[in-house]
Amino acid sequence: MKLVVDASVAVKWFFRDRTNEAQVDEALNVLSGVATGAIELIQPSHFVAEVSAVLAREAPEHAQRDLRDLQDILFSIRDDAAVYARAMKLAIQLDHHLFDTLYHAVALETPGAVLVTADRRYLAKAKAYDRVCSLTGSRALISGERP
């Protein structure tokens with residue numbers, strides 16, 4: 001299965017011990033699938049930078065260690081012209097930040113890929129588009145059902 005996860009999902013891998021962090025089990029389920037090879041992650045080029053920015057701001061004492069752990073996770077990068085063109089079109093149509101639409105564009109431009117997000121604001125705007133699901137819905141997606 002091919003997934004794109006945005007920063008709203010990835011940061012949960014590092015903040016799993018926070019008492020107010022929701023959907024950690026679902027995020028860790030995705031990460032476990034990556035570790036076993038059941039899930040192939042395909043990410044936009046700004047993925048590491050965006051997650052690193054959150055790690056530096058929210059947990060500076062662990063940011064360097066967490067960055068190394070993030071870089072140890074296997075994923076491929078998509079940053080071709082088709083992805084950027086699709087992301088720009090989505091950003092304009094949805095009136096949303098390009099960095100968020102880049103994740104969705106990678107999913108839309110990669111056959112069989114789906115964006116998994118915990119960003120409710122983006123999900124509400126993008127629900128009319130295909131190949132996007134909530135982190136909560138990812139459990140059904142990973143098990144082969146429709147979210």
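Note that the numbering runs from 1 along the sequence shown for the chain.
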Inset, instruction - Search all heavy atoms of Ser8 against all heavy atoms of Ala118 and return the closest pair with its distance. - result: OG-N, 2.9 Å
Inset, instruction - Determine whether Asp119 and Asp6 make a side-chain contact, defined as any pair of heavy atoms from C-beta on separated by less than 4.5 Å. - result: yes
Legend entry - Separation of Asp25 CG from Ser32 OG (nearest 0.5 Å): 11.5 Å
Inset, instruction - Look up atom CD in Gln23 and atom OG in Ser134, then write down how far apart they are to the nearest 0.5 Å. - result: 7.0 Å
Legend entry - For Ala105 against Ala87, the heavy-atom pair lying closest together: CB-N, 3.5 Å
Legend entry - Inter-residue atom distance Ile42.CD1 - Leu115.CG, 0.5 Å rounding: 11.5 Å
Inset, instruction - Using the test side-chain contact (heavy atoms from CB on, under 4.5 Å), find all partners of Ala27 that sit at least two apart in sequence or belong to another chain. - result: Val9, Lys12, Trp13, Leu135
Legend entry - Sub-6.0 Å ring centroid separation between Phe14 and His62: no
Legend entry - Leu98 backbone acceptor or donor facing Thr101 side chain under 3.5 Å: yes
Inset, instruction - Give a yes or no on whether the ring-centroid distance for His97 and Tyr122 is below 6.0 angstrom. - result: no
Inset, instruction - Count the heavy atoms belonging to other residues, nucleotides or ligands that lie under 6.0 Å from CZ of Arg65, then report whether that count exceeds 12. - result: yes
Inset, instruction - For the pair Arg18 and Glu58, evaluate side-chain contact (heavy atoms from CB on, under 4.5 Å) and give the outcome as yes or no after the intermediate values. - result: CA-CA 11 Å; Arg18 283 187 180 177; Glu58 298 289 325; 3.1 Å; yes
Legend entry - Result of checking Val106, Leu41, Leu70 against Phe47 for side chain to side chain contact (heavy atoms under 4.5 Å, CB included): Leu70
Legend entry - Which atom of Lys127 lies closest to which atom of Ala124, heavy atoms considered: CG-O, 3.5 Å
Inset, instruction - Give a yes or no on whether Arg120 atom CZ has more than 12 heavy-atom contacts from other residues, nucleotides or ligands under 6.0 Å away. - result: no
Inset, instruction - Kindly indicate whether the side chain of Tyr84, heavy atoms from C-beta on, has any atom under 4.5 Å from the side chain of Pro44. - result: no
Inset, instruction - Any chance you could measure Glu109, atom CD, to Asp80, atom CG, to the nearest 0.5 Å? - result: 7.0 Å
Inset, instruction - Assess the side chains of Glu50 and Tyr103: does a donor N or O sit below 3.5 Å from an acceptor N or O? - result: yes
Inset, instruction - Using a 4.5 Å cut-off on heavy atoms from C-beta on, say whether the side chain of Val30 contacts that of Leu3. - result: yes
Inset, instruction - For residues Ser52 and Leu67, report the shortest heavy-atom separation together with the two atoms involved. - result: OG-CD1, 3.2 Å
Legend entry - Ion pair Asp66/Arg68, N-O distance below 4.0 Å: no
Inset, instruction - Decide yes or no for Leu31 and Ile39: does some side-chain heavy atom of the first lie under 4.5 Å from some side-chain heavy atom of the second? - result: no
Legend entry - Gap separating the NZ atom of Lys125 from the CG atom of Asp95, nearest 0.5 angstrom: 5.0 Å
Inset, instruction - State the CD-OH distance between Gln93 and Tyr129, to the nearest 0.5 angstrom. - result: 3.5 Å
Legend entry - Any Arg16 side-chain heavy atom under 4.5 Å of Leu28 side chain: yes
Inset, instruction - May I have the step-by-step check of side chain to side chain donor-acceptor pair (under 3.5 Å) for Gln43 and Ser76, ending in yes or no? - result: CA-CA 6 Å; Gln43 300 300 122; Ser76 57; over 6 Å; no
Legend entry - Enclosure of Gln64 CD (heavy-atom neighbours >12, cutoff 6.0 Å): no
Inset, instruction - Determine whether Thr117 and Val132 make a side-chain contact, defined as any pair of heavy atoms from C-beta on separated by less than 4.5 Å. - result: yes
Legend entry - Heavy-atom closest contact (His46 atom, Phe99 atom, distance): NE2-O, 3.0 Å
Legend entry - Donor-acceptor pair, side chain of Arg131 and main chain of Ala113, under 3.5 angstrom: yes
Legend entry - Flag, side chain of Thr110 to backbone of Ala107, donor-acceptor distance under 3.5 Å: no
